[in-house]
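Small disclaimer: the values here were computed from a predicted structure and weren't measured.
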Amino acid sequence: MGSLQLQDFAAGWVGGAASVVVGHPLDTIKTRLQAGQGYGNTLNCVLTVYRNESVAGFFKGMSFPLASIAVYSSVVFGVFSNTQRLLSQLRHGDPSRTPALADVALASMVAGFISVGIGTPVDLVKIRLQMQMQPYIEPNIKLKPTLPGFPVYRGPIHCFRTVLQKEGIAGIYRGAGAMLLRDVPGYCLYFIPYTYFCGWITPDGCISPNPSSIWLAGGIAGAISWGTATPMDVVKSRLQADGVYLNKYKGTLDCILQSYQNEGLKVFFRGITVNAVRGFPMSSAMFLGYELSLKAMKRDQTETNP
């Protein structure tokens, strides 16, 4: 049982790394659209980044998510799978039994809640690095001595240290409230559709789904989850990008109200297309990496322990 629990964490790590490589360029576009200025639509944003920063611009700040999101996914998948098994054990006395809908939902919420603890600082650093080259167009505000368009942070470690020194633990966890509101329901709309689509596409339940079933079910789940999470994702991006040059928002509610007053309801759906489109390949890669590495580890285990 112990090794099985650790396998989920290891498989989550592989899935997380796969999803970052696939999804980071679109993540950069999403962040610029949500928290940047003057990008217009998605295509215009892609062209602007490419013109100004070439292909490397799309992979800005990727080394940090690659290292951290692998760990983050490891925790999410590990916590989700083990919570699910624990609930099946408590309810039916059999950890391998197919979980009920309520158990999947509860395990998703636990995973979402725990993920915020790790994910908030990771996202904050990633967004600050993605946003620090952005010209800040804001009338009648005296900026800090650092001029927009010049890097404030030399890299992820420097960024983390700077935020910690200037803003303390509260600064590192800026946007945590918005992230909780995004991730707790977000993971329910991630794992539940995946479990059901996987079971639906695979004839023999979801004991051993084939790669194409995993790819499709994971992609659909990712598109649903990211599409619906967009409003709180916008708020989180704005809260975390805020503070590179000045502090505009007092908190989650203040950010929601200011964004609504200044830009109307449509602001909360900024980047929804990019989020849903990016959600598909990212989640496909994540679930494929997770399921296939899990299968490989189990195969190795049965070969070494016949």
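In plain terms, the two heavy atoms of Ile220 and Phe280 that are nearest each other are N-CE1, 3.6 Å. Nearest heavy-atom pair across Val184 and Met109 is CG1-CG, 3.7 Å. Taking both residues in full, the closest heavy atoms of Cys159 and Arg128 are given as SG-CB, 3.8 Å, listed atom of the first, atom of the second, then distance. The minimum heavy-atom distance linking Met286 with Ser19 is given by the pair CE-OG, 3.5 Å. Nearest heavy atoms, Val267 versus Gly264: CG1-O, 3.1 Å. Residues Arg270 and Glu263 come closest through the heavy atom pair NH2-OE1, 2.7 Å.
Put simply, the side chain of Phe268 reaches to within 4.5 Å of the side chain of Val235, judged on heavy atoms. Inter-residue side-chain proximity for Tyr290 and Val14 is flagged as unmet; no heavy-atom pair is nearer than 4.5 Å. Using a 4.5 Å heavy-atom cutoff, the side chains of Val116 and Arg182 are not in contact. Put simply, the side chain of Glu167 does not reach to within 4.5 Å of the side chain of Ile172, judged on heavy atoms. The closest side-chain heavy-atom distance from Phe160 to Pro121 is below 4.5 Å. Taking the side chain as every heavy atom from C-beta outward, Val75 and Ser115 never approach each other to under 4.5 Å. Residues Val79 and Tyr187 fail the side-chain proximity criterion, which asks for heavy atoms closer than 4.5 Å. For the pair Trp226 and Asp233, the minimum side-chain heavy-atom distance is below 4.5 Å.
Each of Val22 and Tyr194 belongs to its own hydrophobic cluster when Ile, Leu, Val, Met, Phe, Trp and Tyr are linked at side-chain heavy-atom distances under 4.5 angstrom. By the rule that hydrophobic residues join a cluster once side-chain heavy atoms approach within less than 4.5 Å of another member, Ile201 and Tyr196 end up as members of one cluster. The hydrophobic cluster containing Leu124 does not contain Val71, counting ILVMFWY residues as joined when their side-chain heavy atoms lie under 4.5 angstrom apart, directly or transitively. Criterion: ILVMFWY side-chain heavy atoms under 4.5 Å apart, direct or through other members. Under it, Leu43 and Val277 are not part of a common hydrophobic cluster.
Between the side chain of Ser73 and the main chain of Ala70, no donor-acceptor pair closer than 3.5 Å is present. No donor-acceptor pair under 3.5 Å is formed between the side chain of Thr83 and the backbone N or O of Ala107. A donor-acceptor contact shorter than 3.5 Å is absent between the side chain of Asp27 and the backbone of Gly23. Judged by distance alone, the side chain of Ser225 and the main-chain N or O of Ala221 form no donor-acceptor pair under 3.5 Å. In terms of modelled atom types and a separation under 3.5 Å, the side chain of Tyr249 and the main chain of Gln240 share no donor-acceptor contact. In this structure, Glu291 contributes its side chain and Trp215 its backbone to no donor-acceptor pair below 3.5 Å.
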**Request:** Show your reasoning for whether side chain to side chain contact (heavy atoms under 4.5 Å, CB included) applies to Phe80 and Val104.
**Result:** CA-CA 8 Å; Phe80 171 74; Val104 178; 4.2 Å; yes
**Item:** Thr120 and Lys236: CA distance, side-chain angles, deciding distance, side chain to side chain contact (heavy atoms under 4.5 Å, CB included) verdict
**Value:** CA-CA 9 Å; Thr120 307; Lys236 184 195 72 71; over 6 Å; no
**Request:** Show the numbers, then the answer: is there a side chain to side chain contact (heavy atoms under 4.5 Å, CB included) between Phe197 and Ile224?
**Result:** CA-CA 12 Å; Phe197 279 117; Ile224 292 170; 4.1 Å; yes
**Request:** Report the C-alpha separation of Met232 and Leu180 in whole Å, then their side-chain angles, then the decisive distance to 0.1 Å, and conclude whether the side chain to side chain contact (heavy atoms under 4.5 Å, CB included) test is met.
**Result:** CA-CA 9 Å; Met232 283 326 291; Leu180 265 176; over 6 Å; no
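Atom CG of Asn262 sits about 6.5 Å away from atom NZ of Lys248, to the nearest 0.5 Å. Within the model, atoms CZ of Arg91 and CG of Leu86 stand 11.0 Å from one another, a figure rounded to the nearest 0.5 Å. With rounding to the nearest 0.5 Å, the separation of OG in Ser284 from CG in Leu216 is 7.5 Å. Taking CG of Leu181 as the start and CD1 of Ile256 as the end, the distance is 7.0 Å to the nearest 0.5 Å. One distance of note links OG of Ser283 with CD1 of Ile214; it measures 13.5 Å at 0.5 Å rounding. Expressed to the nearest 0.5 Å, how far OG1 of Thr28 lies from CZ of Arg278 amounts to 9.0 Å.
Among Thr230, Val46, Ile29, the single residue meeting the side chain to side chain contact (heavy atoms under 4.5 Å, CB included) criterion with Val274 is Ile29.
Aromatic ring centres of Phe77 and Phe191 lie closer together than 6.0 Å.
The number of heavy-atom neighbours closer than 6.0 Å to CD1 of Ile157, taken from other residues, nucleotides and ligands shown, is 12 or below.
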